[in-house]
S.K.: 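What follows is a single structure, and I will ask about it in a moment.
In what follows, every chain begins at residue 1, and chains take the letters A, B, ... in the order their sequences are listed. What you see is a predicted model, and the numbers here were worked out from it, not measured in a lab.
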Protein chains: 2
Amino acid sequence: MPFTTSEENYIKSIYHLQQASGMVNTNTLAAEMQTRAASVTDMLKKLKAKKLLQYERYRGFRLSEAGKKAALDVVRKHRLWEYFLAEHLKFDWDKVHPIAEELEHISSDELVQRLDNFLGNPSFDPHGDPIPDRNGKIPVINQLSLTDIPLKKPVRVSSVSNQSAQMLEMLKHYHIALGTQITVLNHFSFDGSLEIKVLKHSPCIISEPVAKNVFVHYVQ
Amino acid sequence: MPFTTSEENYIKSIYHLQQASGMVNTNTLAAEMQTRAASVTDMLKKLKAKKLLQYERYRGFRLSEAGKKAALDVVRKHRLWEYFLAEHLKFDWDKVHPIAEELEHISSDELVQRLDNFLGNPSFDPHGDPIPDRNGKIPVINQLSLTDIPLKKPVRVSSVSNQSAQMLEMLKHYHIALGTQITVLNHFSFDGSLEIKVLKHSPCIISEPVAKNVFVHYVQ
DNA sequence: AATAAAATTTAGACAAAACTAAAAATATTA
DNA sequence: TAATATTTTTAGTTTTGTCTAAATTTTATT
Ligand SMILES: [Mn+2]
Ligand SMILES: [Mn+2]
Ligand SMILES: [Mn+2]
Ligand SMILES: [Mn+2]
C-alpha cells in the first residue's frame, strides 16, 4: 500500500481531528487542510475505496484500523524529521514543521528505521509531542495545562498544543521552551490570565489563551 | 522559480546527458528517464516556456544558463543527501541513490545550507562524484580510468561512473570501494581485462567494462 | 533522387488532485 | 411542521504529467 502525498496528508489530518472529536465532518477537515469541501468529498471516496476510513455520505467519517496505522506512520516520520531538524541541524522549533511536512512523505521504511536509530530513538519531538514507535505505539506522560496548576508549585513545560508560528514566536518572546521551569504566582479571575515566573527571568503575565496551550508536568 | 518534482528530474537528467554529449535528443532522454518520447516532447515545451532550455523541434536541446543552475542545485541536494545517508545513517553506497532521488526535491534552501554545514561541507558524495557548492561550483580532481593506468603503479579509487545497483554490487564483491588502493598487474589484450591486486586481497581479474568505469588517482 | 527507416512531434485520451457552481440532504428555528 | 439555513455532495472544469497511435520531419540507403 503505497499512498500518495495527498492521501497521506488527508489521513494525518483526519487522525488529528478525530483524536479530539471522534467523528470528523467534511467542513472541519476542509478548514484544517485549507481546501474546499468538494475536494474533501472527492478524496473521501478514494480513501473509502482503499478501506482507510468508515464513511457514509452526509454522516461524517473516521479512520479504519488500517487508516489509523497509516496515519501513525506519517506522524512518526513527521516527528522524527522534526527532531532531526531541531536537534542536529539546529533549526528553531518554530521553523521545523513546514519542512517536516515534506520530509514525512519520503517512502523508504529502512530510512525511517535508520533515522530513528541515528537519533537515539527519541520519544518526543521538539514540540513535546510523542513519537509513535514502529508499531504505532505512542508514549504517554501525565501532563496538565498551565491553567490547572496550583500556585507556587514549580513545573516544567512538556508540550504545547497550539503550534502555529504565531504561538511559538510568542513563547520564544516569553523565554518559554520545552523543559523550561515555570512557577505560577497568580491567577487573575477577571480574564483568566496568569502571572508566572519563568526560571532566570522576571515575572510576567500571560493570557489565558496562551496558558491553556502550554502543557506541563510537576518537577520531580 | 519553484520547480515541480517532474521538472527537476528532467533538468537533472538533461544536465547529466549533455555533460557527455553537448546536445541532447528526445529518445536518449526518454530512455534515461524510463518514459516515452512523447512525454519528453511535452515536458520540453514546458521547460522551454520557462526558459530553462534552448530547444528547436526535431533539432535537439540543451540547458540554458538558468537551466544549468537549476540542475546543479538538484545535483547538489542529491549528493548531499547521499552523503548523509551513507555517512550518518550507515547505508551501503549501492542503496542511497533511490532515496536521494526523493530527498533532492525537498524545497527549503535553508535546509540545504544547514545540511551542508552539518555534514562538514563535503566535496564528494559516496560514489566519488563532486558536490557542487551553493553557487554551482564543482570541485575537480585529476582522475583516470583504471584502463589507462600503467602496471605496478599503486592508485586509489576516487569514483565510479556507472552506478547501477548491479555494478556497485559487483565492486563490493571485488572489495573495491571509494579510497581502496589498487595495483594493476597485467593487461590482457585479448579481451581488455585486467589483473589487479586490491590491497589486502589476492589478485583477481576484472573485465574491461568494469575497469573502464572505475576512476582512480595516483597515491601521493 | 526516390524510398525506406528512424526520430520526433501532434492529437487525443486518461488519472490525480484541485476548483466553482448548483443540487441535494440534513439541521435549525420560527 | 414548514420554512430557512447549513452542510455535503454532484456535475462539470482545469492543470499536470503521463500514455498510445498516427502524422510529420529528418536521416540513411538503395
Ligand atoms: Mn505533508
Ligand atoms: Mn511537532
Ligand atoms: Mn528525483
Ligand atoms: Mn552519487
S.K.: Quick one: how far along DNA chain C does chain B reach, first to last nucleotide 5' to 3', anything under 4.0 Å to a heavy atom?
M.R.: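 Range of nucleotides touched by chain B: C:dA7 to C:dT10.
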S.K.: Consider only side-chain N and O atoms of B:S159 and B:D129, and report whether a donor and an acceptor are under 3.5 Å apart.
M.R.: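 No pair is found: no donor N or O on one side chain lies under 3.5 Å from an acceptor on the other.
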S.K.: Going by distance alone, is a donor N or O of one side chain under 3.5 Å from an acceptor N or O of the other, for A:S6 and A:T4?
M.R.: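 There is no such pair (donor and acceptor under 3.5 Å, judged by atom type) between the side chains of A:S6 and A:T4.
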S.K.: Name the pairs: protein N/O against N/O of nucleotides 7-14 of chain D, kept only if under 3.5 Å.
M.R.:
{"unit_1": "D:dT8", "atom_1": "OP2", "unit_2": "A:N27", "atom_2": "N", "d": "2.8"}
{"unit_1": "D:dT8", "atom_1": "OP2", "unit_2": "A:N27", "atom_2": "ND2", "d": "3.4"}
{"unit_1": "D:dT8", "atom_1": "O3'", "unit_2": "A:Y58", "atom_2": "N", "d": "3.4"}
{"unit_1": "D:dT9", "atom_1": "OP1", "unit_2": "A:Y55", "atom_2": "OH", "d": "2.4"}
{"unit_1": "D:dT9", "atom_1": "OP1", "unit_2": "A:Y58", "atom_2": "N", "d": "3.1"}
{"unit_1": "D:dT9", "atom_1": "OP2", "unit_2": "A:T26", "atom_2": "OG1", "d": "3.0"}
{"unit_1": "D:dT9", "atom_1": "OP2", "unit_2": "A:T41", "atom_2": "OG1", "d": "2.8"}
{"unit_1": "D:dT9", "atom_1": "O4'", "unit_2": "A:Y58", "atom_2": "OH", "d": "3.4"}
{"unit_1": "D:dT10", "atom_1": "OP1", "unit_2": "A:R57", "atom_2": "NE", "d": "3.3"}
{"unit_1": "D:dT10", "atom_1": "OP2", "unit_2": "A:K45", "atom_2": "NZ", "d": "2.9"}

S.K.: Answer whether the closest heavy-atom distance between the side chains of A:S158 and A:L178 falls below 4.5 Å.
M.R.: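 No, too far: nothing below the 4.5 Å cut-off.
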S.K.: Less than 4.5 Å apart, side chain to side chain, heavy atoms only: is that true for B:T26 and B:F61?
M.R.: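 Yes, at least one pair of side-chain atoms sits under 4.5 Å.
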S.K.: B:K50 has an atom NZ; how far is it from atom C1' of D:dT15, in whole Å?
M.R.: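 Checked: the NZ to C1' distance equals 12 Å.
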S.K.: Quick one: are A:I131 and A:D116 in side-chain contact, heavy atoms under 4.5 Å?
M.R.: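 Sidechains of A:D116 and A:I131: no contact.
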S.K.: Is A:L103 close to A:L80 at the side-chain level, that is, under 4.5 Å between some pair of heavy atoms?
M.R.: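 A:L80 does not reach A:L103 side chain to side chain.
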S.K.: Between atom CG in B:L47 and atom P in D:dT18, what is the gap in whole Å?
M.R.: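 Taking atom P of D:dT18 as the reference, CG of B:L47 is at 11 Å.
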S.K.: For the residue pair B:S193 / B:E208, report whether a side-chain donor-acceptor contact shorter than 3.5 Å exists.
M.R.: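 B:S193 and B:E208 do not have a side-chain donor-acceptor pair below 3.5 Å.
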S.K.: Please confirm whether the shortest side-chain N or O distance from B:S6 to OP1 or OP2 of D:dT16 is below 4.0 Å.
M.R.: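 Negative; the distance criterion is not met.
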S.K.: Enumerate, atom names and distances included, each donor-acceptor pair closer than 3.5 Å involving a side-chain atom of residues 84-93 of chain B, sequence neighbours excluded.
M.R.:
{"unit_1": "B:K90", "atom_1": "NZ", "unit_2": "B:E87", "atom_2": "O", "d": "3.0"}
{"unit_1": "B:D92", "atom_1": "OD2", "unit_2": "B:K172", "atom_2": "NZ", "d": "3.0"}

